[in-house]
Chemist: 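Please find one structure pasted underneath; my questions will follow.
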2 protein chains.
Amino acid sequence: MSRSSLDWLPQSLREGAQPRTLAAGDPVFHTGDKVYGIIEVVSGRLHMVRHTIEGRAVVIQSSRAGELFAEAALFSDVYHCDGVAAEASDVIVFDRVPILAALRADPDLAEQFMARQARQVQRLRTRLEQRNIRSARERLMQYLLLAAEGDGRTIPLEGTLKDLAAELGLTHEVLYRTLAQLEKEGGIKRTPTAIFLVPGNAV
Amino acid sequence: MSRSSLDWLPQSLREGAQPRTLAAGDPVFHTGDKVYGIIEVVSGRLHMVRHTIEGRAVVIQSSRAGELFAEAALFSDVYHCDGVAAEASDVIVFDRVPILAALRADPDLAEQFMARQARQVQRLRTRLEQRNIRSARERLMQYLLLAAEGDGRTIPLEGTLKDLAAELGLTHEVLYRTLAQLEKEGGIKRTPTAIFLVPGNAV
DNA sequence: CGAGTGATTGACTTAGATCAATGACCGTGG
DNA sequence: CCACGGTCATTGATCTAAGTCAATCACTCG
């Protein structure tokens, strides 16, 4: 569904853009930096991170190959989060000014951009909703149900389980335990790269 | 800052719009309904609600006088949440089609709309970040610091404390206790309509 | 072959959820 | 005008699930 999701960016923009190669952990911007543009992820994975008062790092957004990163920053002066490469990644940097100009000039482009932002908002709302589920088990199940691919049973694992724990707002230990328990009870099956829901074992 | 935030909607759109008066609890749309348009809140307060598997209601967005409600739905076919009036409210309903047409026709309007959506995204991210703070006390403090008005000390209370508890993802009991404790320790002062931070008593 | 990290499991603690009860404060209808 | 049902605010007692600390094993990367 979002495989080649950037086809809509006009060729003229792609030409002025700059490719960069990042190693895992490389920063792409810091909180407070002036916004220079937005980033397309060609391969790998970028994370948007904030730090709580207690120093805990929070992954706020994760963009994978074919997705944009930090779109919302287009309309800000400075970044409000840190951006880092979660793994070795190739990206393309689009300068801010030409993008904004293109959005003004091309209503189709603008509409698509708005539609993406709207989806982004809805996804964030969904995540927020998830967080209102207190039970680790139910939270995880809710996530798995929503994250299941077309067949409704397969959840491919991008990144590590630790990342998943962070996204769910759980400690990794609790996630491991809950997964182990669900597996023992037959609700899910696991491989290193995916989780499978076993139909008929919901709750 | 967001007092008269809807001035940017062109007069032509306002003319075709329909006013409605809502009593507390009145629904404005249900999950799965076809999207008919977006809503401006003239007075009162609208809530976007979802229901978790366990039947708990989650307030996902709250729009107050002068704000738009369910903008993100413009680009969807059906609503993904329930919309209800949190209190007696006056609203104006803008039909979907003319809004979309106006956004295509007017680059300024489109740009402003995109900027709003971007802010929306950032606000949601901030809320998500808040949820990663586990301690009720720190979560509350973080909220108060961010929600403080210009003077950096006053947090006006819209709605009930129960609503605030829901927004923070805490039970109301815990919120009451935490507020009581903070007050006892001198970190905050309270009136029925506002909370005041006492400088020099952070953390 | 270490150093670093992820995955996993055990033991223990605690903060927040839950259950429960009370008083204040509506608004409303008789 | 007042009694009554409803909700909010508040506080106490108790419980439990998630967090925390800790140890082990398997990998991978240089």
Side-chain angles (χ1 to χ4, degrees), chain A residues 23-26 45 47 52-59 84-88 130-143 157-185 188-195 203, chain B residues 23-25 45 47 52-59 84-88 130-143 157-185 188-195:
Chain A
D26 279 1
R45 209 155 34 98
H47 277 180
T52 66
I53 341 174
E54 313 119 89
R56 185 188 289 273
V58 181
V59 176
V84 304
E87 51 192 61
Q130 243 156 199
R131 292 303 179 85
N132 279 59
I133 304 175
R134 311 209 189 270
S135 147
R137 185 196 178 113
E138 310 235 27
R139 188 133 111 212
L140 174 59
M141 277 311 272
Q142 179 88 349
Y143 170 84
L157 291 175
E158 345 262 2
T160 69
L161 285 179
K162 274 181 102 169
D163 288 343
L164 177 58
E167 171 161 349
L168 289 173
L170 299 170
T171 58
H172 53 275
E173 295 99 321
V174 167
L175 177 62
Y176 295 143
R177 280 190 247 273
T178 310
L179 282 171
Q181 199 192 348
L182 281 172
E183 191 174 24
K184 198 175 63 181
E185 295 173 6
I188 61 171
K189 290 201 189 309
R190 300 168 65 189
T191 69
T193 58
I195 297 175
V203 177
Chain B
R45 210 154 33 96
H47 277 179
T52 65
I53 342 171
E54 312 119 273
R56 187 188 287 274
V58 181
V59 176
V84 304
E87 52 192 61
Q130 242 156 200
R131 293 302 181 85
N132 279 60
I133 304 174
R134 313 211 186 266
S135 147
R137 186 197 181 112
E138 309 234 27
R139 189 132 110 210
L140 175 59
M141 278 311 274
Q142 178 89 349
Y143 171 85
L157 292 175
E158 344 263 3
T160 68
L161 286 180
K162 273 181 99 167
D163 287 343
L164 177 57
E167 173 160 347
L168 289 174
L170 299 171
T171 58
H172 53 275
E173 294 100 319
V174 167
L175 176 62
Y176 294 143
R177 281 189 245 273
T178 310
L179 281 171
Q181 198 193 348
L182 282 172
E183 191 173 26
K184 198 174 64 183
E185 295 172 8
I188 63 171
K189 289 200 190 309
R190 299 169 65 190
T191 68
T193 58
I195 297 174

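So that the names make sense, note that chain A is the first sequence line, chain B the second, and so on, each numbered from 1.
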Chemist: Let me confirm one number: the CG-CG distance from B:Asp163 to B:Leu175, rounded to the nearest 0.5 Å.
Modeler: 11.0 Å

Chemist: Rounded to the nearest 0.5 Å, what separation is found between the CD atom of A:Glu87 and the CZ atom of A:Arg45?
Modeler: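 Nearest 0.5 Å value for the CD-CZ distance: 4.5 Å.
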
Chemist: Does B:Arg139 reach a base, just sugar-phosphate, or nothing at all? Heavy atoms under 4.0 Å.
Modeler: nothing

Chemist: To the nearest angstrom, how far is B:Glu183 atom CD from D:dT10 atom P?
Modeler: 9 Å

Chemist: Do A:Glu167 and A:Arg131 sit within salt-bridge range, that is, some charged N less than 4.0 Å from a carboxylate O?
Modeler: no

Chemist: Do the side-chain N or O atoms of B:Arg137 get closer than 4.0 angstrom to the phosphate oxygens (OP1, OP2) of C:dT14?
Modeler: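 No, B:Arg137 has no side-chain N/O under 4.0 Å of OP1/OP2 on C:dT14.
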
Chemist: Roughly how many Å is it from CG in A:Asn132 to C1' in C:dA17, rounded to a whole number?
Modeler: 14 Å

Chemist: If you round to the nearest 0.5 Å, how far is CG of A:Leu168 from CD of A:Gln142?
Modeler: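 A:Gln142 CD to A:Leu168 CG: 10.5 Å, rounded to 0.5 Å.
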
Chemist: Given atom CG of B:Leu179 and atom C1' of C:dG16, what is their separation to the nearest angstrom?
Modeler: 15 Å

Chemist: About how many Å separate CD of B:Gln181 and CD of B:Glu185, when rounded to the nearest 0.5 Å?
Modeler: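 These two atoms lie 4.5 Å from each other.
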
Chemist: Among A:Thr178, A:Ile188, A:Ile195, which residue satisfies the side chain to side chain contact (heavy atoms under 4.5 Å, CB included) criterion with A:Leu140?
Modeler: A:Thr178

Chemist: Could you run down the sub-3.5 Å N/O contacts of the protein with nucleotides 21-26 of chain C?
Modeler:
none

Chemist: For a quick check, with a 4.0 angstrom heavy-atom cut-off, what is the B/S/- contact string for nucleotides 11-17 of chain D, read 5' to 3'?
Modeler: BBB----

Chemist: For a side-chain contact (heavy atoms from CB on, under 4.5 Å) check, start with the C-alpha distance between A:Thr160 and A:Leu164, then their side-chain angles and the critical distance, and finish with the verdict.
Modeler: CA-CA 7 Å; A:Thr160 69; A:Leu164 177 58; over 6 Å; no

Chemist: Could you state the atom-to-atom distance from CZ of B:Arg190 to C1' of D:dA9 in whole Å?
Modeler: 9 Å

Chemist: At their closest point, which heavy atom of A:Pro192 faces which heavy atom of A:Leu157, and how far apart are they?
Modeler: O-CD1, 3.9 Å

Chemist: Nucleotide by nucleotide, 5' to 3', does protein get under 4.0 Å of the base (B), only the sugar-phosphate (S), or neither (-) in nucleotides 25-30 of chain D, counting heavy atoms?
Modeler: ------

Chemist: Tell me whether the side-chain N/O atoms of B:Thr171 come closer than 4.0 Å to OP1 or OP2 in C:dG16.
Modeler: no

Chemist: What is the distance, to the nearest angstrom, from the CG atom on A:Leu175 to the C1' atom on C:dT9?
Modeler: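 About 14 Å, once rounded to whole Å.
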
Chemist: Backbone N or O of B:Gly169 within a donor-acceptor pair of the A:Arg134 side chain at under 3.5 Å?
Modeler: yes

Chemist: Please report the interatomic distance OH(B:Tyr143) to CD1(B:Ile133), rounded to the nearest 0.5 Å.
Modeler: 13.5 Å

Chemist: Taking CG from B:Leu170 and P from D:dA9, how many angstroms apart are they, rounded to a whole number?
Modeler: 14 Å

Chemist: Would you kindly give the CG-to-C1' distance between A:Asp163 and C:dG6, to the nearest whole Å?
Modeler: 10 Å

Chemist: A:Arg139 and A:Asn132: side-chain donor and acceptor closer than 3.5 Å?
Modeler: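 On atom types as modelled, these side chains do not qualify, holding no pair under 3.5 Å.
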
Chemist: If I take atom CD1 in residue A:Ile133 and atom P in nucleotide C:dG16, what distance separates them, rounded to the nearest angstrom?
Modeler: 20 Å

